[in-house]
Amino acid sequence: MNKITRRQAMGTAAGALAALGIAGATAHAAATDSRAATTPSGTVDEVYQGRRIRITPASGGHHGGHHGGGHSGLPTVRIDGRELHVMRNADGTWISVVNHYETFADPLSLARAAVRELQGATLAPFSPMGGTA
Amino acid sequence: MTVRKNQASLTSEEKRAFTNAVLELKRTGVYDRFVTTHNGFIMSDTDSGDRVGHRSPSFLPWHRRFLLEFEAELQKVDASVALPYWDWTADRTSRSSLWAADFLGGTGRARDGQVMDGPFAYSAGKFPVNVRVDGRAYLRRSLGASVAELPTKAEVDAVLAMPVYDMAPWNSASNGFRNHLEGWRGANLHNRVHVWVGGQMATGVSPNDPVFWMHHAFVDKLWAEWQARHPQSTYLPAAGTANVVDLNGTMRPWNDVTPADMLDHRKFYAFDTEPAAAASQR
């Protein structure tokens, strides 16, 4: 059985995002979505279909996102406080563990798709090895 | 010799043997180990870091090995069982016999997507979803809801015509056969089928739905068909490539198997469409 810690799994993505210089783009994409309540730093905090979506941009972005929860180069996406595992594809699109085989244009679209898919269910505790909820 | 048959041609007895063996692996906890392994790779395989099971050249040999291990577990329960494959270019509606109550059961109900018939329905009591990304312990499906059409034969043929196995950057952005089959580019074959089924199949814990194995058995068959069409083409990359598994590199989590070991499926099984299978079947 492989042993992949969250730090390892996320760390590799972090390095690549930094190398590509796209970490800051996330915050910008979210901030330009008029439907979401956003702050100047790009944080999203909205209620969608009764669920609270909070997105904290990756740290290290060039718009002052140093206080974000994303210590990895990826944004932290939470639904009702539970973290959603997200990944960025090489073409800039996004997937999550809830919608893994379908890509989305930005983290907010991804989070909303997860809310629709959850149909009111609670996300399982974040666990890179899947976990047994 | 294991012969993998088209699921549409299975007898009632063969269907029952398969679903009973799956239920037994669920009962003993073996089944859930496979779900956990798969999700671990789903979450750690990244386009810019180490990647083994997905979005990388070893997508096909990794899943071949994964299926072989699962099939071996099924055969410990019932030696007569082989993995069936689901040709979704042919059986492409929710009315297919695949989704009947005597096999996998059908689509989920509108309210919550819960599968209500067949041996894997939560209400039948033998197939709880234990390894999961959310709180729901019941098998879910929404056939054809998120994407209307399964890939067509013509779309498959266009991908099978691609002569190069894979190419840099060896991830979800690659051109070539592997990534078009996996579905991150082009017509979207493998990924689209996961989305078409919906429910757990659309998530990182997709093996929770037994159709996962039949879907991947068909993807595996398409790899074999591609090899037959392109005898001069081989697995790539050959050597010295960062973050991905070269031809003779070892694949996690087994660490004792290489893509080269997996290239010839005939060492392990035949498909019912192959002459070798016809010869070994009675």
Side-chain angles (χ1 to χ4, degrees), chain A residues 1-20 22 51 72-74 79-80 82-103 113-133, chain B residues 32-33 35-55 111-113 129-137 140 142 146-147 169 171-174 182-185 188 190-199 201-206 243 252-255:
Chain A
M1 184 60 72
N2 67 324
K3 291 212 169 25
I4 304 162
T5 66
R6 178 183 170 194
R7 186 175 299 273
Q8 287 167 338
M10 304 294 274
T12 50
L17 283 171
L20 292 168
I22 54 180
R51 309 294 296 270
S72 59
L74 288 170
I79 297 174
D80 290 345
R82 293 288 185 90
E83 187 167 354
L84 175 69
H85 182 272
V86 303
M87 290 173 60
R88 188 162 201 178
N89 295 317
D91 68 357
T93 60
W94 295 82
I95 58 173
S96 79
V97 75
V98 171
N99 297 94
H100 180 76
Y101 300 92
E102 184 180 7
T103 61
V115 165
R116 293 192 297 272
E117 173 63 21
L118 286 167
Q119 293 184 287
T122 305
L123 278 175
F126 191 103
S127 162
M129 284 308 292
T132 49
Chain B
D32 289 341
R33 288 205 330 251
V35 185
T36 300
T37 297
H38 186 267
N39 194 41
F41 279 84
I42 278 281
M43 295 172 80
S44 64
D45 290 328
T46 63
D47 275 338
S48 45
D50 284 343
R51 48 196 183 276
V52 180
H54 307 87
R55 58 182 66 237
R111 174 154 62 86
D112 58 4
V129 173
N130 301 314
V131 182
R132 55 203 197 217
V133 296
D134 59 59
R136 292 170 287 184
R140 292 179 294 115
S142 52
S146 293
V147 58
N171 62 17
S172 74
S174 290
E182 188 172 3
W184 300 111
R185 275 186 72 159
N188 184 358
H190 152 268
N191 283 351
R192 197 197 326 174
V193 176
H194 278 271
V195 176
W196 186 89
V197 175
M201 268 291 273
T203 75
V205 293
S206 46
N243 296 136
R252 290 182 286 112
W254 309 287
N255 298 320

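Per chain, numbering begins at 1; letters A, B, ... match sequence-line order.
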> Looking only at heavy atoms, which two atoms of B/D45 and A/M87 are closest? And how far apart?
O-CE, 2.9 Å
> As an exercise: rank A/L123, A/L84, A/L118, A/N99 by heavy-atom pairs under 4.5 Å with chain B and give me the winner.
A/L118
> Given a strict heavy-atom distance threshold of 4.5 Å, which part of B/N243 is in contact with chain A: side chain, backbone, both, or neither?
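No part of B/N243 comes within 4.5 Å of chain A.
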> Grab the two heavy atoms, one from B/G135 and one from A/A121, that are nearest each other, plus how far apart they are.
N-CB, 4.4 Å
> Between atom CG of B/N188 and atom CD of A/E102, what is the distance when rounded to the nearest 0.5 Å?
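Here the rounded value is 9.5 Å.
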> Flag the pair A/N89 / B/R55 as yes when at least one side-chain heavy-atom distance between them is below 4.5 Å, and no otherwise.
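In contact.
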> Would you indicate whether the side-chain heavy atoms of A/V97 and B/N39 approach each other to under 4.5 Å?
yes
> Would you call the rings of B/H194 and A/Y101 parallel, tilted or perpendicular, taking 30° and 60° as the class edges?
parallel
> Which distance, rounded to the nearest 0.5 Å, do you find between the CD of A/E117 and the CZ of B/R136?
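Here the interatomic distance stands at 5.5 Å.
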> Is chain B contacted by the side chain of A/T103, its backbone, both, or neither, given a heavy-atom distance below 4.5 Å?
side chain
> Considering only heavy atoms and a distance below 4.5 Å, find which of A/D91, A/T93, A/I95, A/V98 pairs most often with chain B.
A/V98
> Could you have a look at B/D112, B/V52, B/I42 and say which one has the most heavy-atom pairs with chain A under 4.5 angstrom?
B/I42
> Examine whether an atom of B/W184 lies under 4.5 Å from a heavy atom of chain A, and if so say whether it belongs to the side chain, the backbone or both; otherwise answer neither.
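Side chain of B/W184 only, per the 4.5 Å heavy-atom cut-off to chain A.
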> Is B/S142 in contact with chain A via its backbone, its side chain, both, or neither, using a 4.5 Å heavy-atom distance?
neither
> Does the A/R88 side chain pair with the main chain of B/D47, one donor and one acceptor, at a distance under 3.5 Å?
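Side chain of A/R88 to backbone of B/D47, a donor-acceptor pair under 3.5 Å: no, none is there.
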